[in-house]
Amino acid sequence: MLEPERRVMNRIVSSLVHMLTFALVALASSLCVFESKAQVFENRTFDAGLDAMWQGHGLGTADFDGDGDLDVYIASRWKHDPFNPRTWNRLYSNNGDGTFSDVTEASGTRVDFLPDLPAKVFGNKFSVAWADYDRDGDPDLLLTNVGPEVLFRNNGDGTFTDVATQAGLNPSDGTIDDFETAGATWFDFDLDGDLDLYLSSWNGPNRFYRNAGDGTFDDIGSETGLDVTDQTWMTMAWDIDGDHLTDLYLANDFGPNTLFLNQGDGSFRDGTTEWGLGDPGESMGVALGDVSGDGWLDLYVTNNAVREGNSLLNTFFAGNAQGPLQDEAQAYGIANTDWAWGTEFFDADLDGDEDLLVVNGALIERGTPNRYFQNTLRETGQLGWQDISSASNADGTAESHGLLVFDANDDGSPDVIVTNWDEPLYYLEHPGTSNSWLKVALEGTVSNTNGVGARVLLYAASGRQIRHNNGVDFLGQNVQSVMFGLGSDATYDRIEVIWPGGMHEQWDGGIARQTITLRQGTGTLLATNTLSVAPPRSHSITPVEVYPIPASNRLFVETVGNARWSVFDILGRQVASGQTTRATIDVSTWLPGLYLLTVLDPITGSIHSRTLYISR
């Protein structure tokens, strides 16, 4: 037996006692019936001072006044009527004590100056999209409407000025259209460091504006081919193909959805078919997140399930390196949530995986509850969804459209606001949990101010998590920290950020239960490669990475250099081996239980090991 193999066998023997102990604990856990640990939300709409907001539509959050907490702007669906307060838009300043104050008049953001156009069936005021478009350090506010759009530039003193026409978002000759401009998405498509703007319309052409960097925008919809007329509700922007260019996905009503791939030369091409993202339903909302923990961003799309014999179901596209992606919504039991609108992935119970919230309702479909599904990845080792809508108190039965997830009281737990068509909104406060958390604020220097479009990777004892910093919701976009749940971890090992364009930085770990700010250019620069399931790691931190733990179908192994690795079962039998810097191991046929991974470090010659747990 060669010396490396002898050392491996010695390591196996010395680890056996620890593995058997771990096995007994794991076995006991696997025999227990899964019990939801989700916290019950508390409806605090009236206590928080938000009860005046009826007939809400789009909404978004940002710290507009720079006092350290998140404020909320909410658009009413109806055109402004000075005699009907339920039609008024409202800006709520967060008081920092669990309550909000209406500062709409003082801030100049009422929006009572729009032309008196005919009322539309889906309302006359739509999206609320926050972004620092002028790179002056404070968030500005874009509102979409029937008729002119509104771009409120933040004056930095608690007030705003509408500059939409001067900025080139509305015709300078005073021409007024009656297009129902529904969605608004800020993203940096040309990687010049400022945010460009895509406006989607339900009954007219979509518009695409390049930020000129001087406070004005150029309409490039026609030259990029993005001025489509697809009855688009909202869009989601992220790099789906790993080339560090931001692509754009359109959720369309009455027709297939569309994926436009950024070519890096100012143009886009249609990549819908190759990625399998057509989705034939009547789409409204989109959520994006790595809910399975495999490193790929998954996509959830809400549709109108009550028409045509419940055939227009929601879709869940499991992420992968290449298309076509597969719709797994029905297999996971999350396909039918009635007439669905807003949706979001977020870690409600702070256990380290992202849960799913869907709001719904329509005139012909009264009394259907909103749906909240708890992700069981951390509890069972594999992706699954448990419907705990009623148990969590998230099952309001109003006709709900808009959805905002944010930490209103800065306790680390995600709170929720849901806007309702004919009732007061729901402000659902999370009561907190014993689980740890971390919030990460991004500060771009080369990239846009708030790092919109960046991926944040957090490593802790419990594993790796990935978040995409886009802030996009149905009829809303937010400027807020990226939120992570850490379960029982009191610390985290490190954080990596892949900024728009591919700049890859790493920061050392620290303690949990805090908000940290990561400024671009202050971390350790890592190699820039195309995105993959296993992004490059710093060799100075650890010579081997294995995830997810526990695993059920696939196991990913990363090593320093072209390392030789082996996997042994609890009896010391080798069940897999290889020599590579990055490996994907199919463990779907392995028996549940403990295994030992050993890696021969090609640089130092030392043996490193990791205990693996395979669950079903």
Practice problem: Walk me through it: do Y249 and V301 pass the test side-chain contact (heavy atoms from CB on, under 4.5 Å)? | Solution: CA-CA 11 Å; Y249 184 63; V301 183; 4.1 Å; yes

Quiz item: Hey, mind stepping through D395 and N370 against side-chain contact (heavy atoms from CB on, under 4.5 Å) and telling me if it holds?
Solution: CA-CA 5 Å; D395 60 340; N370 295 334; 5.6 Å; no

Practice problem: Verify side chain to side chain donor-acceptor pair (under 3.5 Å) between N470 and W238, making sure each step is shown before the conclusion. | Solution: CA-CA 8 Å; N470 57 70; W238 83 103; over 6 Å; no

Quiz item: Taking it one step at a time, do M284 and M234 satisfy side-chain contact (heavy atoms from CB on, under 4.5 Å)?
Solution: CA-CA 7 Å; M284 286 82 171; M234 72 168 287; over 6 Å; no

Exercise. Would you sort out whether S400 and N420 count as a side chain to side chain donor-acceptor pair (under 3.5 Å), showing the intermediate values?
Key: CA-CA 4 Å; S400 303; N420 297 320; 2.6 Å; yes

Exercise. Please report the C-alpha distance between F317 and W275 in whole Å, then the side-chain angles of each, then the deciding distance to 0.1 Å, and finally whether the side-chain contact (heavy atoms from CB on, under 4.5 Å) criterion is met.
Key: CA-CA 10 Å; F317 296 107; W275 283 92; over 6 Å; no

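N469 and Q480 get closest at one heavy-atom pair: OD1-O, 4.2 Å. The nearest pair of heavy atoms linking S566 to S577 is OG-CB, 3.8 Å. Shortest non-hydrogen contact noted between D294 and G319 is OD2-O, 4.2 Å. Contact record, T315 with D279: OG1-OD2, 2.7 Å, taken as the closest heavy-atom pair. The heavy-atom pair separating V497 from A454 by the smallest distance is CG1-CB, 4.0 Å. The minimum heavy-atom distance between I220 and T224, with the atom names listed, is O-OG1, 2.7 Å.
A donor-acceptor pair under 3.5 Å is formed between the side chain of D239 and the backbone N or O of H244. Remark: the backbone N or O of V291 is paired with a side-chain donor or acceptor of N375 at under 3.5 angstrom. Formation of a donor-acceptor pair under 3.5 Å by the D247 side chain with backbone atoms of I240 is found in this model. With hydrogens and angles ignored, the 3.5 Å screen pairs no side-chain donor or acceptor of T302 with any backbone N or O of N314. With N393 contributing its side chain and F41 its backbone, the two residues share a donor-acceptor pair below 3.5 Å. At distances below 3.5 Å, at least one donor-acceptor pair connects side-chain atoms of T272 with backbone N or O atoms of L259. Distance alone, capped at 3.5 Å, places no donor-acceptor pair between the N360 side chain and the W339 backbone. Of the possible donor and acceptor atoms, none in the side chain of Q231 sits under 3.5 Å from a partner among the backbone N and O of F254. Formation of a donor-acceptor pair under 3.5 Å by the N303 side chain with backbone atoms of L313 is found in this model. The backbone N or O of E354 sits nowhere less than 3.5 Å from a side-chain atom of Q465 that would complete a donor-acceptor pair.
Judged purely by distance below 3.5 Å, without hydrogens or angles, the side chains of T235 and T185 pair a donor atom with an acceptor atom. A donor-acceptor contact under 3.5 angstrom links the side chains of D489 and S462, judged on distance only. A side-chain N or O of D473 and one of N478 form a donor-acceptor pair less than 3.5 Å apart.
Aromatic ring orientation, Y332 versus F316: perpendicular (interplanar angle above 60°, classes split at 30° and 60°). Taking the six-membered ring where the residue is Trp, H401 and W341 present parallel rings, their angle staying beneath 30° rather than reaching 60°.
With sequence neighbours excluded, the residues forming a side-chain hydrogen bond (donor to acceptor under 3.5 Å, both in side chains) with D387 are S389, listed by chain and number. Residues satisfying the side-chain hydrogen bond (donor to acceptor under 3.5 Å, both in side chains) criterion with Y198, sequence neighbours excluded, are N206.
Ring centroid separation for the pair W590 and Y595 comes in under the 6.0 Å cut-off. Taking the ring centroids of W499 and H504, they lie at or beyond the 6.0 Å cut-off. Remark: aromatic rings of W385 and Y300 are distant, center separation not under 6.0 Å.
Distance check, rounded to the nearest 0.5 Å: CG of L350 to CG of L438 gives 11.0 Å. Distance check, rounded to the nearest 0.5 Å: CZ of R464 to CG of D290 gives 7.0 Å. Distance check, rounded to the nearest 0.5 Å: CG of L383 to CG of D298 gives 7.5 Å. Atom CG of L195 is separated from atom CG of N450 by 8.0 Å, given to the nearest 0.5 angstrom. The line from CH2 of W296 to CD of Q322 is 9.0 Å long, rounded to the nearest 0.5 Å. Taken from CG in D190 to CG in D196, the straight-line distance is 4.5 Å, to the nearest 0.5 Å.
Shown are N252, D253, T181; of these, the side chain to side chain contact (heavy atoms under 4.5 Å, CB included) with T232 is made only by N252.
A salt bridge links R371 with D338; the closest basic N to acidic carboxylate O contact falls under 4.0 Å.
No more than 12 heavy atoms of other residues, nucleotides or ligands lie within 6.0 Å of CD in Q330, so this atom counts as exposed by the packing criterion.
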